[in-house]
Amino acid sequence: MSSDTSRAPTRLPATRSLDAKAPRRAPLGDSTAPRPGARRLHRKRAAAGLLYILPAAVVYLGFTVWPALNTVYLSFLDWDGILPPTWVGLANYAEVFTDPLLSSSIVHALVLIIFFSFVPIVVGLALTGLLMGKIKKGVTVFRVIFFLPYVLPLVAVGTTWRWMYNQDGLVNVLLGAVGLGDYTRAWLGDTGLALIALGLIGSWSLSGLCMMLFLAGAQKIDTGLYEAATLDGAGPLRQFTAVTLPGLRGEVTVAAVITTIAALASFDLVYVTTNGGPVNSTTVPGLLVYRLAFTESEIGTASALAVVLTALVIALVSAIRFVASRVDS
Amino acid sequence: MRARRGALTVRYVVLVALAAGVLLPFVSIVLASVQPSGTQLSGLALPSRVSWENFALAWNQGNFSQLMLSSVIVAVVVVPLAAVCATLAGYSLAVLRPYGSRAISLGFVLGLTLPSEVVVVALYFNLRGVGLTNSYLGVILAEVALFMPFGVYWMQTHFAAMPTELIEAGRIDGARDLAVLVRLLLPNSWPAITTLAVLLFMWSWNQFLLILVVMQDPDLRTAPAGLGFFVGQYTTNIPLLSAASLLVIAPIVAVYLLFQRNFVTGVTQGAIK
């Protein structure tokens with residue numbers, strides 16, 4: 001999912017092209033020189049290879065790729081799901097960008113990136129720093145706790161946080177306890193703050209994921225670098241910024257990609273917490289795609305919004321990878 | 001030395017505070033769930049008496065017998081089916097390498113960035129056309145398809161990292177492709193497959209949008225999707241909603257605590273490999 005991961009698949013073709021350079025080389029397992037039958041055997045084996053891929057490919061093509069392409073097709077239609085559709089060209093796309101409700105949902109999704117991506121990466125890095133080095137006791141317990149929110153269904157997370165943000169909920173109780181009782185409110189009911197409150201649920205849920213990615217990455221950093229830094233008189237903080245952070249560039253990229261997709265394609269959390277309200281201040285593309293397609297029977301507009309969302313995901317993921325590759329070189 | 005001790009203490013204090021931040025919401029819903037149904041309560045209020053009635057009430061009112069059954073049916077079919085498809089495809093792409101495997105790998109990997117929103121709109125109408133809406137089969141096939149990009153990628157990288165001598169030795173002994181996979185590679189692949197299965201279970205259990213779209217009939221939905229519906233009906237009954245939330249998260253928390261190591265390797269290696 002990153003520049004690192006895209007390396008994995010390309011490794012295979014690399015070995016393949018080696019084979020191609022020695023076209024007469026017999027396939028694996030044939031120890032003798034090329035025979036007339038060898039090539040046919042190779043072809044047979046290749047065909048058999050495709051057979052193994054068939055079940056995965058059929059399901060993937062039929063139930064993901066084909067519907068996705070169909071959604072693109074539907075985005076050019078005016079259709080209510082029942083009567084014959086009419087071709088409207090790019091009209092649905094024009095609507096996505098001009099209708100304030102639809103275009104503001106895209107802006108909201110972009111705002112969520114701050115809370116779903118930037119905040120978790122910063123918190124994840126902080127947790128990684130705290131859990132590394134001299135600390136020994138309880139590290140596993142902390143890791144298990146911090147990662148826990150990520151494995152929960154977002155519907156249950158949302159239901160829980162509705163209650164946390166309630167007028168009588170935990171957030172207000174804690175504010176009251178530290179003398180900030182004047183600031184209590186129904187957080188998800190405040191047009192100016194609901195989106196931020198929603199975003200912070202994402203931060204709560206995704207910080208542990210980032211921490212896990214970074215801790216795994218930190219284990220791969222050459223310990224000699226830390227020894228050298230200690231000899232240079234660097235303290236724990238200096239070691240973290242000089243050795244750990246640069247060593248985690250790859251993992252930060254991966255975390256940014258995963259969490260950005262989570263922010264842009266968010267649906268579950270918004271659906272159960274605010275359902276887009278109050279006054280459409282927390283609408284996101286996923287929510288409107290669902291609403292337009294399945295309650296308002298505006299299939300064409302829903303499809304166009306879904307396609308724009310996909311384009312946005314691909315553009316931002318490519319941008320993150322591009323920036324990461326520039327930093328690496 | 002004392003300064004270092006102090007620094008370590010500060011670290012623990014910060015970690016404990018953050019852990020409390022993660023856990024407090026759970027404490028809050030556990031406390032709320034044992035209050036009498038419909039009670040107006042606040043934050044971390046301790047119940048005057050512990051009552052378990054909300055769990056029974058939520059279970060019955062939310063139709064959770066049916067919802068849990070649906071969740072289990074879907075997960076029990078999706079996990080092995082997706083794991084087998086991914087294993088076969090991953091093996092072929094990493095070891096057999098038929099013509100076009102590079103393009104096929106790329107095709108699967110591209111699916112990782114596809115948001116499910118762009119799939120579900122047309123998926124509903126496609127499934128409706130063949131009578132697979134409101135059907136377990138429709139949901140199962142759609143979920144398997146949705147998890148295929150990661151599954152194939154995971155198994156392919158796993159098999160590609162296996163020693164080639166192992167495979168070549170098998171080939172020289174005249175073993176067929178399937179025998180190489182089953183007798184030589186699978187015995188060394190169970191950790192990778194277990195990890196994949198655990199992740200598949202999590203995604204299947206937590207799936208929401210897909211269920212909402214394909215299962216228009218609320219009675220056929222899975223537990224999380226049912227919870228989403230339940231929240232809309234009992235917006236203000238906090239004890240009841242808390243009990244329902246705990247019912248839905250209990251299975252996945254149990255699986256997480258049992259297979260904690262697999263979750264971690266799956267999520268970290270799956271992303272970085």
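Chain letters run A, B, ... following the sequence lines, proteins first and then strands; every chain starts at 1.
Neither the backbone nor the side chain of A:L215 comes within less than 4.5 Å of any heavy atom of chain B. Proximity to chain A is absent for every atom of B:A244, based on heavy atoms less than 4.5 angstrom apart. Both the backbone and the side chain of B:L178 come within less than 4.5 Å of a heavy atom in chain A. Heavy atoms of A:L130 lying under 4.5 Å from chain B belong to its backbone as well as its side chain. When heavy atoms are compared at a cutoff of 4.5 Å, A:L154 does not approach chain B at all. Heavy-atom distances place the side chain of A:M164, and not its backbone, under 4.5 Å from chain B. With a 4.5 Å cut-off on non-hydrogen atoms, A:F142 touches chain B through its side chain but not through its backbone. Residue B:L15 touches chain A through both its backbone and its side chain, counting heavy-atom pairs closer than 4.5 Å. With a threshold of 4.5 angstrom between heavy atoms, A:R162 approaches chain B through side-chain atoms but not through N, CA, C or O. Neither the backbone nor the side chain of A:S207 has a heavy atom closer than 4.5 Å to any heavy atom of chain B. Interface remark: A:N275 contributes no atoms to any contact with chain B (heavy atom separation under 4.5 Å). With a 4.5 Å cut-off on non-hydrogen atoms, B:L81 does not touch chain A at all. Residue contact with chain A, scored on non-hydrogen atoms closer than 4.5 Å, involves the side chain of B:V152 exclusively. Proximity to chain B (any heavy atom under 4.5 Å) is shown, for A:T260, by neither the backbone nor the side chain.
Ring pair A:F267/A:Y290: centre-to-centre distance below 6.0 Å. B:F208 has its ring centre less than 6.0 Å from the ring centre of A:Y271.
When the candidates B:V264, B:L241, B:V10 are compared by the number of heavy-atom contacts under 4.5 Å with chain A, B:V264 comes out ahead. Top candidate by heavy-atom pairs under 4.5 Å with chain B, chosen from A:F146, A:W161, A:Y150, is A:F146. Heavy-atom pairs under 4.5 Å with chain A were tallied for B:L88, B:L110, B:V118, B:V121; the largest tally goes to B:V118. For the set A:P149, A:G81, A:P285, the entry with the most heavy-atom pairs within less than 4.5 Å of chain B is A:G81. Each of B:L209, B:L257, B:V14 has some count of heavy-atom pairs under 4.5 Å with chain A, and the biggest count is that of B:L209. Here B:A122 is the residue among B:G107, B:A122, B:G138 with the most heavy-atom pairs under 4.5 Å with chain A. Listed options B:W205, B:Y256, B:Y91 were ranked by heavy-atom pairs under 4.5 angstrom with chain A; first place goes to B:Y256. Note on B:I252, B:L123, B:I238, B:V120: by heavy-atom pairs under 4.5 Å with chain A, the leading option is B:I238. Here A:V144 is the residue among A:V173, A:L69, A:V144, A:V307 with the most heavy-atom pairs under 4.5 Å with chain B.
Contact annotation: the side chain of B:V253 approaches that of A:L152 to within less than 4.5 Å [non-hydrogen atoms, C-beta and beyond]. Residues A:L131 and A:R143 have side chains in contact (heavy-atom distance under 4.5 Å, counting atoms from C-beta outward). Within the 4.5 Å cutoff, side-chain heavy atoms of B:L137 are placed close to those of B:L141.
Between B:N126 and A:P67, the closest heavy-atom pair is ND2-CA, 3.6 Å.
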Pair up each side-chain donor or acceptor in residues 19-29 of chain B with any protein partner under 3.5 Å, not counting sequence neighbours, and list the distances.
| residue | atom | partner | partner atom | Å |
| --- | --- | --- | --- | --- |
| B:S28 | OG | A:W163 | NE1 | 3.2 |
| B:S28 | OG | B:G43 | O | 3.2 |

For a quick test of your reading: what N or O donor-acceptor pairs under 3.5 Å do the side chains of residues 308-318 of chain A make, sequence neighbours left out?
| residue | atom | partner | partner atom | Å |
| --- | --- | --- | --- | --- |
| A:T310 | OG1 | A:A306 | O | 2.8 |
| A:S318 | OG | A:I314 | O | 2.6 |

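Counted by atom type alone, B:Q216 and B:T133 present zero donor-acceptor pairs between their side chains at under 3.5 Å.
B:S92 places no side-chain N or O within donor-acceptor distance of the main-chain N or O of B:A89, the cut-off being under 3.5 Å. When atom types are taken as modelled, the side chain of A:T64 and the backbone of A:L61 share no donor-acceptor pair closer than 3.5 angstrom. Panel note: side chain A:S205, backbone A:I201; no donor-acceptor pair is recorded below 3.5 Å.
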| task | Give the intermediate values and the outcome of ring pair (Phe, Tyr, Trp, His ring centres under 6.0 Å) for residues A:Y60 and B:F108. | result | CA-CA 8 Å; A:Y60 177 56; B:F108 279 114; 4.9 Å; yes

| request: Start with the C-alpha gap between B:F150 and B:F147, add the side-chain angles, then the distance that decides, and say whether ring pair (Phe, Tyr, Trp, His ring centres under 6.0 Å) holds. | output: CA-CA 6 Å; B:F150 181 87; B:F147 306 154; 9.6 Å; no

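For the side chain to side chain donor-acceptor pair (under 3.5 Å) test, no residue two or more places apart in sequence or in another chain qualifies with B:S33.
Using bins of under 30°, 30° to 60° and over 60° for the plane-to-plane angle, the ring pair A:W79/B:F125 lands in the tilted bin.
Within residues 221-230 of chain B, the residues that have a heavy atom under 4.5 Å from a heavy atom of chain A are B:P224, B:L227, B:G228, listed by number.
Heavy-atom neighbours of A:W66 CH2 from other residues, nucleotides or ligands within 6.0 Å: at or below the threshold of 12.
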